Structures are given as structure tokens and as C-alpha cells.
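Remember, predicted model here, so these are calculated numbers, not experimental data. Throughout, protein chains are lettered first and strands after them, A, B, ... in sequence-line order, and every chain is numbered starting at 1.
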Protein chains: 2
Amino acid sequence: MVLGRDFREGMNVAVDTSLTEYTKLQEQECQSLLQLLGEMGIATAERVYGPGDAIYNQGEYGDALYVLTSGVLKLFRPYSGSKEATLRLLKPWDIFGHLAFAGETRQRAYAEAVTECRVTKVPKIFVERAVRQEPRAAFKLMTLLELRLVQYEELVKCLLPRETEVRLANLLPLLAQKFGQSTDGLVTIDLRLTHQDLAAMVASTRESVTKVLNEMRNRDVIDVDAGRITLKDTRTLARLSLE
Amino acid sequence: MVLGRDFREGMNVAVDTSLTEYTKLQEQECQSLLQLLGEMGIATAERVYGPGDAIYNQGEYGDALYVLTSGVLKLFRPYSGSKEATLRLLKPWDIFGHLAFAGETRQRAYAEAVTECRVTKVPKIFVERAVRQEPRAAFKLMTLLELRLVQYEELVKCLLPRETEVRLANLLPLLAQKFGQSTDGLVTIDLRLTHQDLAAMVASTRESVTKVLNEMRNRDVIDVDAGRITLKDTRTLARLSLE
DNA sequence: TACAGCCTGTATAAGCTCGAGCAATTCAGC
DNA sequence: GCTGAATTGCTCGAGCTTATACAGGCTGTA
């Protein structure tokens, strides 16, 4: 199990800091893709969902590209019989939904609104038309698909270690980069997250999350105020995530 | 943690059986993509790697699309300091490598040949040209990107449960579908896999895999012959993966 | 204001993994 | 066919997670 080569840990840091760029890139590409579709006269259906509403269910046929334009939304799937894991927490300009251009496609997770959110749905045939007529749309879409893959890779990174502490040490910086609000050099995750929510994201239990979060707070690694987590010691978090 | 809604377990089965279709679809799309590129006069570099050779390393800049055309190859990344996890085990007509069309891209894993294998590398600029000039290439590429995402989702599915037994019960059918050889109605995974290899795929330890595999063999769920695993009781495996 | 429901914090026993160590066996190269 | 390396099989404690249970706090609603 010990690695036989030099993994150059420094590189991981470089990879991670580029996630912020990913966020900006995604917003740009996603917004300009929708704009492009509009200019091409392509109909996109926008719909508003209230907290808890399902956008689609696992197993449904997916024949559209979904874009979240406002609010927060989660993709989750059941596992081990009676638990549910949050696969992705989406913010505006994230895309979701499976739209294979060939072969049958079923949604591989449940999509549910967390806050009130606005979703733009582009039927598959229109996406096809856009790709056919406008290569720029194809590039933007492929960039977005690639960024979605990166998010899954990050999820895998969170799930590889078994200890809840290490998983959270991997997850919290990700949430901070995606939902972070910078104040006084410290980053606060601008979401009300219950321990249960966090547990679903790292496939652990509420109790373990409670325990780890309190430990981190006692060690001044994080601060929790009204369900909002502030990262106070990112160096310690980074160190934890490697162990 | 208990789910508040009906997850319709039957649907999971339907989703999984469609993976075989995914394999065929992928071969078709990938082969025809390469053929299309050839017809367009696009230069693709083909190179042969011996077992253990690195195709690229984590952190390197990725500016190409890689296609495995023969052999077996693995993508892996280090975690928890000194362990390594196999993220994907690739067979011919799998694509790999990050090629964002915008923004900097670094490889997010190590790619290493398992057996001797042949890899076709298409530089990013040529992929761009193909997408620009030939929408069919764009469709095929997007389909392949989507299929790659599905593989990551399957990996996540393997990693969600904590028990090694359940993880393997999820992994083995996946391997069987990808590398399976049907004989007498039973499927054999046509690869020599050590317990260490399997442990890297489910992020567990060699010892745990040994134990679980022996239990499964004693219960006639699987059969192991010369490092090749045969699935004898897929129903029991499916049941295990749900618990 | 009272209430119900959710969230947090603790505690316990039980189960599983992890890591170390050490044989026996198998495999691969010579 | 032989030898060295790798793989497999097994054991044992330590550590962590899980499941369960319960008490107190917070929040939104009636």
C-alpha cells in the first residue's frame, strides 16, 4: 500500500488553488452558453422550485440539460438501503442532469431544491441543434461537462479516507471555495448546514460530524456561528486532509 | 438518516443492467470518433507503453485527449499520505486525460499502463479543430465525456458504504460488466487481480479484501481461479450491495 | 404562549477496519 | 527445475464508526 514513487505533495496544493478559477470559468462559460442559445432563438424553459421540491428523480429519463441560475440545489442518491448521500451541492451556473446524445439515459440521482431556486431546462434536441450550428456552444458545453467531472473527482477525494475527520478536512475547503464569503481574510461558508447535511456529504453519521466539528472548534481550526462555518486555520485543515 | 421517500429499488437494477449498453456505445462512439479524425486528416500520435510505464503524472499540464486502443491501463491518485487509490481501470476505447478548452488544466491523477498498451494522443488544438469543423465529432466526444462521468459515479457508489464487503459487492459486478467473459452463463472477470489491486479500487486494505473474498468464496458467491474471479451468485451480490 | 419538530451534544455497546507481524503458497525469471 | 519475490492466509489489539438512546436547546407555527 505504500507508494513506490515520489508524489510531489506540493503539486496537490497547486491543483487545489486552481479551483477558484474553475468557479469563475464555469460562471462565464455557463452564462455565455445560455446567452448563445438565446441568440440562436432556442427555447429554454425556466422554472422556479421551492425548498424540498424535486427537479427530477433517479431513474427518470433524462433528455435535457439543466442549468441552475439561482438558489442552491442538491443531487443525492440512496445507498446502503436506508441512507442518502449528497453527491453535489450546486450553486448558480452549475449544470446537472444526464443528456447522453446516444443511448438511453436515466437520471442517476435525485435532484432537489434546497433553497428556492430557478432552473433552466434545455431539451436535448435544442442542445443538439446548438452544437451542430454553433461550435462555440459545443466548446462551452464541453468545458462545463469537464468541470462537472472535476466536481465528482473532488467528491471521490473526500470519500477515499475513512475517518470522518479527514473527510471533513477535505470537504470544508471545497465548500469554502464554492460557497465562501471572505471577511477579514477568513472564509465563511455562506450556507446554513446542519451536521446531518455535512454527514450526507461525507457519507458519515450525524454523531461523528458533531464530534469532529466540536474538536475542530476547540482547536480553533474552525468557528461555527448560527450554522455557518468559518475556516480559521486552513493550514491545519490541509495537514489533516493528507493524513 | 432514514429516507423520507420511496426510492423504488427496482429502478436501480434497471440502471445497472444498462451498463452493458454503455460499453458497446462507448466502443462505437470512440472508434468512429478516431475514424472521423483520420478522415479529416488530423494527426494522432500513437504510442506503446510497457507494464508500469507512466502515460502522464498528476500535476502535469494536460493538453490532449487520450484514447486507449489496446491493453489495460489504470488511473490512480495518492490519498491519506501513503496509500494509492485506483480511480479507473481502463479498457480499449476508454478515453482519459483532462482537456479543458478554457482555463488551465492539470492532470488530476497518475495514468499508468497495467499491461502493454497502445495509446492514441490527440492534441487539444486538433480536437478543437475537429469540433469546430465537424459537429458529429463534437457529439461523439460529448457522449464519451458523459460516459466517463458515469464511471466516476459508479466509483462513488462503490465508496459510499464503509464495509469492505459491500464495496466489493458493488465493485465486482462493475468489473464483470467491463472485463467480463461469459461462459456457461457465468461471468468471469478476465483480469489477473491481486487482493492488493482490489483493495486500491475500493480504498480498503489488502487484508480486508482477502477476508471478504474468502467469505464470498466459502458461500459460493464467487469463485477464484488463478487470480481470476467468477461471479457465481449475482443475486446475493446485489443483495449485499444494498445493505 | 404553548407546542411540536428539528438540531445539538453525550454516552454506551458492538462491529469493523487498520496496522503489524508472520507463515504458507504461488508465481516469474533464470 | 530452481530460486527469489510476490501473493495469500491468518492472528491480534487499538482505534474509529455505527447504532441506539436520551436530554436540552432552538425554531417556527398554532
Query raised in the report: Does B:N214 make a side-chain N or O approach to OP1 or OP2 of D:dG9 shorter than 4.0 Å?
Result: yes
Query raised in the report: If only side-chain N and O atoms of A:S204 are considered, is one of them under 4.0 Å from the OP1 or OP2 phosphate oxygen of D:dT18?
Result: yes
Query raised in the report: Would you say B:T164 reaches C:dT17's phosphate, i.e. side-chain N/O to OP1/OP2 under 4.0 Å?
Result: yes
Query raised in the report: Got a salt bridge between A:E154 and A:R88, using NZ or NE/NH1/NH2 to carboxylate O under 4.0 Å?
Result: no
Query raised in the report: To the nearest Å, how far apart are A:H195 NE2 and D:dT17 P?
Result: 15 Å
Requested in this report: For B:R228 and C:dT26, give me the distance from atom CZ to atom P, rounded to whole Å.
Outcome: 17 Å
Query raised in the report: Out of D:dT18, D:dT7, D:dG9, which nucleotide sits closest to the side chain of B:T194?
Result: D:dT7
Report task. Let me know the distance between CD of A:E207 and C1' of C:dA14, rounded to the nearest Å. Result -> 15 Å
Report summary line: To the nearest angstrom, the CZ-P distance between A:R206 and C:dC6 comes to 13 Å
Query raised in the report: Should B:R167 and B:V212 be marked as a side chain to side chain contact (heavy atoms under 4.5 Å, CB included) after you check the CA-CA gap, both sets of side-chain angles, and the distance that decides it?
Result: CA-CA 10 Å; B:R167 291 189 179 189; B:V212 170; over 6 Å; no
Query raised in the report: Over how many whole Å does the gap from B:Q196 atom CD to D:dT8 atom P extend?
Result: 9 Å
Query raised in the report: Is the shortest side-chain N to carboxylate O distance from B:K232 to B:D223 below 4.0 Å?
Result: no
**Report entry** Separation of atom CD in A:E165 from atom C1' in D:dT17, rounded to whole Å
**Finding:** 13 Å
Requested in this report: Specify the separation, in whole Å, of atom CG of B:L213 and atom P of C:dT25.
Outcome: 20 Å
**Report entry** A:Q107 and A:N57 side chains, donor-acceptor separation under 3.5 Å
**Finding:** no
Query - Pairwise 5' ranking along DNA chain C for A:T210 and B:V212, keeping only the more 5' one - result: A:T210
Query raised in the report: Is B:R167 near enough to C:dC16 that one of its side-chain N or O atoms lies under 4.0 angstrom from OP1 or OP2?
Result: no
Report task. Answer yes or no: does a side-chain N or O of A:K83 lie under 4.0 Å from OP1 or OP2 of D:dA19? Result -> yes
Requested in this report: Please state how far atom CG in A:D225 lies from atom P in D:dG25, giving the value in whole angstrom units.
Outcome: 19 Å
**Report entry** N or O in side chain of B:T205 less than 4.0 angstrom from C:dC18 OP1/OP2
**Finding:** yes
Report task. Test for a donor-acceptor pair under 3.5 Å between the base of C:dG15 and the side chain of B:R162, counting only N and O atoms. Result -> no
Report task. Could you tell me whether a side-chain N or O of B:K178 sits under 3.5 Å from a main-chain N or O of B:L89, the two making a donor and an acceptor? Result -> yes
